[in-house]
**Q** 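My structure is below; once you've seen it, I'll send some questions.
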Amino acid sequence: DLCFGIVHDYKETMGWGIFARRCEIILLIAFFFVLHCFIDIKKLYIPNFLNLLLLIIAIYLKKFDYEIIENSIIGMGIYTLPLLFLYGYLSDILNKEVFGFGDIKLLMTLGYILGYSNFFDIYLFYLISFISASFMGIILLIRKTKRKEIPFSPFLIIGFLFLWLR
């Protein structure tokens, strides 16, 4: 059985205690992702304390190894940079806020968890996020809903999950 083999191999290298703690942390992160999506969909707002708690959990997940933290901090900055430029320049050009700053703070945490590996992953992350948001926008246009703003954090989380779970 493939699943049992993976769990068995993981248990052999890490031990059940560490495996169980890691699963608890991953479930906690999943809970925060659902909470982020729910609040952003309902209120178009992401509370700062949720982003801060998710970042603290991410730091605990990565432990305190210097090389891992260095890679994560680089990922935190590089994943955030494109959306930060869009936030600044598109807001000036269109004279309205294009993204909420909560999305950028969430992206900092996601970048910390993913860390920096290569530019293709960053490209793939943004490609998946923007294409999935575009599909939702098209669906809302076809349905002719009156909602003009789409929460972006669920699509950032979709892109993150694609990269994290592959």
Side-chain angles (χ1 to χ4, degrees), residues 22-62 68-166:
R22 197 166 195 90
C23 287
E24 289 171 354
I25 292 170
I26 290 171
L27 287 174
L28 191 59
I29 288 173
F31 169 74
F32 275 105
F33 284 166
V34 170
L35 202 57
H36 267 87
C37 290
F38 180 74
I39 291 173
D40 198 18
I41 289 169
K42 291 292 182 189
K43 298 184 178 184
L44 294 173
Y45 171 77
I46 301 174
N48 288 333
F49 75 92
L50 278 181
N51 283 328
L52 185 62
L53 285 175
L54 190 60
L55 181 62
I56 291 169
I57 293 168
I59 290 170
Y60 180 76
L61 178 70
K62 292 290 187 165
I68 293 173
I69 289 179
E70 180 183 20
N71 187 22
S72 294
I73 290 173
I74 291 170
M76 184 187 237
I78 288 180
Y79 276 93
T80 307
L81 203 57
L83 198 63
L84 197 59
F85 279 126
L86 284 176
Y87 176 81
Y89 288 119
L90 280 180
S91 295
D92 287 345
I93 292 170
L94 299 176
N95 290 326
K96 66 181 262 184
E97 191 174 279
V98 180
F99 298 104
F101 206 73
D103 294 327
I104 294 171
K105 289 183 273 190
L106 172 64
L107 191 56
M108 289 176 68
T109 302
L110 299 179
Y112 185 87
I113 295 171
L114 289 174
Y116 174 72
S117 57
N118 57 33
F119 278 106
F120 180 73
D121 285 348
I122 297 168
Y123 172 74
L124 195 59
F125 172 80
Y126 277 107
L127 185 69
I128 291 168
S129 298
F130 280 107
I131 286 178
S132 57
S134 299
F135 281 139
M136 182 54 74
I138 290 170
I139 289 170
L140 290 177
L141 282 175
I142 291 172
R143 285 187 179 175
K144 297 180 181 176
T145 58
K146 295 182 179 185
R147 187 173 189 169
K148 294 186 178 196
E149 295 177 338
I150 300 173
F152 196 56
S153 69
F155 307 109
L156 291 174
I157 292 172
I158 288 170
F160 167 79
L161 289 175
F162 181 80
L163 285 180
W164 202 36
L165 299 176
R166 70 177 173 118

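Nothing here was measured: the structure is a model prediction, and the numbers come from that model. Just the heavy atoms: all of them, side chains too, but no hydrogens, waters or symmetry mates, feed the values below.
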**Q** Working to the nearest 0.5 Å, report the span between CG of Leu54 and CD1 of Ile29.
**A**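 Rounded to the nearest 0.5 Å, the CG-CD1 separation comes to 6.0 Å.
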**Q** When you measure from the side chain of Asp40 to the backbone of Ser153, do you find a donor-acceptor pair of N or O atoms at a distance under 3.5 Å?
**A** yes
**Q** What are the two closest heavy atoms between Pro154 and Pro151, and how far apart are they?
**A** CD-O, 3.7 Å
**Q** Measure from the ring center of Phe130 to the ring center of Phe152 and say whether it is less than 6.0 Å.
**A** yes
**Q** Run Ile69 and Tyr112 through side-chain contact (heavy atoms from CB on, under 4.5 Å) and show every step you take.
**A** CA-CA 8 Å; Ile69 289 179; Tyr112 185 87; 3.9 Å; yes
**Q** Starting at CD of Glu24, measure out to CD1 of Ile26 and round the result to the nearest 0.5 Å.
**A** 11.0 Å
**Q** What are the two closest heavy atoms between Met108 and Met76, and how far apart are they?
**A**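 Taking every non-hydrogen atom into account, O-CG, 3.3 Å.
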**Q** Is it true that atom CZ of Phe135 has more than 12 heavy atoms of other residues, nucleotides or ligands lying nearer than 6.0 Å?
**A** no
**Q** Which distance, rounded to the nearest 0.5 Å, do you find between the CG of Asn118 and the CD1 of Ile78?
**A**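 It comes to 10.5 Å.
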**Q** Give, for atom CG of Leu52 and atom CD1 of Ile56, the distance between the pair rounded to the nearest 0.5 Å.
**A**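 Between Leu52 CG and Ile56 CD1, I get 4.0 Å after rounding to 0.5 Å.
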**Q** Measure the shortest side-chain to side-chain distance between Phe160 and Leu156 over non-hydrogen atoms and say whether it is less than 4.5 angstrom.
**A** no
**Q** Give a yes or no on whether Arg166 atom CZ has more than 12 heavy-atom contacts from other residues, nucleotides or ligands under 6.0 Å away.
**A** yes
**Q** Please report the C-alpha distance between Thr80 and Tyr87 in whole Å, then the side-chain angles of each, then the deciding distance to 0.1 Å, and finally whether the side-chain contact (heavy atoms from CB on, under 4.5 Å) criterion is met.
**A** CA-CA 10 Å; Thr80 307; Tyr87 176 81; over 6 Å; no
**Q** Do the side chain of Tyr126 and the main chain of Tyr79 share a donor and acceptor less than 3.5 angstrom apart?
**A** yes
**Q** Grab the two heavy atoms, one from Leu163 and one from Asp121, that are nearest each other, plus how far apart they are.
**A**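 Nearest pair, atom of Leu163 first, then Asp121: CD1-O, 3.2 Å.
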**Q** Between Leu106 and His36, does the side-chain contact (heavy atoms from CB on, under 4.5 Å) criterion hold? Intermediate values first, please.
**A** CA-CA 9 Å; Leu106 172 64; His36 267 87; 3.8 Å; yes
**Q** Can you list the steps and then say if Val98 with Leu86 is a side-chain contact (heavy atoms from CB on, under 4.5 Å)?
**A** CA-CA 8 Å; Val98 180; Leu86 284 176; over 6 Å; no
**Q** Out of curiosity, Leu55 CG to Ile113 CD1, how far, rounded to the nearest 0.5 Å?
**A**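 So the CG of Leu55 and the CD1 of Ile113 are separated by 8.5 Å.
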**Q** So, for Ile150 and Phe155, which heavy atoms are closest and what is the spacing to 0.1 Å?
**A** CG2-CE1, 3.6 Å
**Q** Which distance, rounded to the nearest 0.5 Å, do you find between the CG of Leu84 and the CZ of Phe99?
**A** 11.0 Å
**Q** Under the 3.5 angstrom rule, does the side chain of Ser91 hit a backbone N or O of Glu97 as a donor-acceptor pair?
**A**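 A pair under 3.5 Å: no.
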**Q** If you compare all heavy atoms of Phe162 against all heavy atoms of Leu124, which two are closest, and at what distance to 0.1 Å?
**A**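 For Phe162 versus Leu124, the nearest heavy atoms are CE2-CD2, 3.6 Å.
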